Amino acid sequence: MNATLCRTLKKMFDDGFRQYAGEIDSQVYEQLGCKDASRAYWICRWPILHCLGCNRRCTPKAPTGFQVPLVTVSPSTNKDFSLTPEELVAAKALLRIDEAAYCLNVSERTVRRLVDEGVLVRHVRQPVRVTAESVREEMARVDL
């Protein structure tokens, strides 16, 4: 893999593309004129698909012949954080408002409201920081 391909792949992952893991009909490769389908490496942001398996960098006009992927929610789709919420609360003692919002999957406004209500424990000094322990407890809480 060369440096240009690495940069291209990184930019595409930053733009929300992920590795495509679905089934692909053999007609797709015939229509694209692919000589070696075993080298295909597909990434997608449904319904946009790109093959990075060879220098041709094929992009089908339509997703016909591709299995529709299931929608998955992944922390890795969040551009601001490279850690999962569990890793983040384990790594830090105090979290910023945006980090707490990411971990709880709520808005920053909701985090501020939870701090005002006393649900989340805040550090006394400015800027506002929330204890990772209180965020961890809130993450574990289940409403029935």
Side-chain angles (χ1 to χ4, degrees), residues 1-29 32 34 36-144:
M1 184 182 283
N2 63 29
T4 302
L5 182 57
C6 288
R7 282 191 298 273
T8 301
L9 196 55
K10 183 196 179 310
K11 181 179 181 338
M12 292 182 89
F13 277 122
D14 289 347
D15 290 342
F17 283 84
R18 295 292 172 253
Q19 182 177 4
Y20 178 77
E23 295 291 322
I24 303 169
D25 190 12
S26 60
Q27 286 183 331
V28 170
Y29 296 110
L32 294 172
C34 185
D36 188 6
S38 66
R39 292 188 59 203
Y41 179 80
W42 291 95
I43 61 171
C44 85
R45 188 180 68 206
W46 195 258
I48 303 166
L49 293 123
H50 296 288
C51 181
L52 303 176
C54 68
N55 289 334
R56 291 183 56 210
R57 306 286 188 259
C58 297
T59 303
K61 290 184 169 94
T64 307
F66 290 87
Q67 180 183 16
V68 178
L70 293 174
V71 176
T72 58
V73 178
S74 171
S76 62
T77 60
N78 190 313
K79 295 179 184 176
D80 298 332
F81 302 100
S82 59
L83 300 175
T84 64
E86 293 78 14
E87 293 169 334
L88 192 58
V89 294
K92 297 178 78 174
L94 296 173
L95 302 175
R96 297 185 318 256
I97 295 295
D98 64 322
E99 292 171 331
Y102 164 69
C103 291
L104 296 172
N105 198 26
V106 296
S107 68
E108 291 182 27
R109 179 182 230 168
T110 300
V111 170
R112 292 182 189 280
R113 182 179 51 78
L114 291 173
V115 168
D116 291 342
E117 292 173 357
V119 174
L120 296 177
V121 179
R122 99 168 252 215
H123 190 266
V124 293
R125 295 202 175 170
Q126 293 289 341
V128 176
R129 297 282 192 255
V130 180
T131 63
E133 183 60 35
S134 66
V135 172
R136 191 178 304 110
E137 289 172 5
E138 189 64 17
M139 286 169 61
R141 190 173 61 82
V142 176
D143 287 333
L144 297 177

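In this text the structure is predicted, and so the values were computed from the model without any measurement.
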message: How long is the straight-line distance from OG of Ser134 back to CZ of Arg122, given to the nearest 0.5 Å?
response: 12.0 Å
- request: On the 0 to 90° scale, with breaks at 30° and 60°, tag the His50-Phe17 ring pair as parallel, tilted or perpendicular.
  value: tilted
message: If the condition is side-chain contact (heavy atoms from CB on, under 4.5 Å), which residues does Asp116 pass it with, not counting sequence neighbours?
response: none
- line: In short, salt bridge (charged side-chain N to carboxylate O under 4.0 Å, His left out) pairs touching residues 95-106 with sequence neighbours left out are Lys92-Glu99, Arg96-Asp98, Arg96-Glu99
field: From His123 atom NE2 to Leu95 atom CG, the distance as rounded to the nearest 0.5 Å
entry: 12.5 Å
message: Please evaluate residues Leu104 and Met139 with respect to the criterion side-chain contact (heavy atoms from CB on, under 4.5 Å), reporting the C-alpha separation (whole Å), side-chain torsions for both, the decisive distance (0.1 Å), and the verdict.
response: CA-CA 6 Å; Leu104 296 172; Met139 286 169 61; 3.6 Å; yes
message: Within the 4.5 Å heavy-atom criterion, are Val128 and Gln126 side-chain neighbours or not?
response: yes
statement: Nearest heavy-atom approach of Arg56 to Leu32 is NH2-O, 2.8 Å
message: Is it true that, when you exclude Arg57 itself, more than 12 heavy atoms of the residues, nucleotides or ligands shown sit nearer than 6.0 Å to its CZ?
response: yes
statement: side-chain contact (heavy atoms from CB on, under 4.5 Å) filter on Val119, not counting sequence neighbours, yields Leu114, Glu117, Glu138
message: Would the distance check show the side chain of Gln67 and the main-chain N or O of Gly22 forming a donor-acceptor pair, the cut-off being under 3.5 Å?
response: no
Test item: Arg136 side-chain N/O and Val89 main-chain N/O as donor-acceptor pair under 3.5 Å: yes
- request: Compare every heavy atom of Tyr102 with every heavy atom of Leu88, then report the nearest pair and how far apart it is.
  value: CD2-CD2, 4.0 Å
message: Check whether Arg18 reaches the backbone of Phe13 with its side chain - one donor and one acceptor, N or O, closer than 3.5 Å.
response: yes
task: Grab the two heavy atoms, one from Cys44 and one from Leu49, that are nearest each other, plus how far apart they are.
output: CB-CD2, 3.6 Å
message: For the OH atom of Tyr29 and the SG atom of Cys58, what is their distance to the nearest 0.5 Å?
response: 10.0 Å
- request: For the pair Thr131 and Leu120, evaluate side-chain contact (heavy atoms from CB on, under 4.5 Å) and give the outcome as yes or no after the intermediate values.
  value: CA-CA 7 Å; Thr131 63; Leu120 296 177; over 6 Å; no
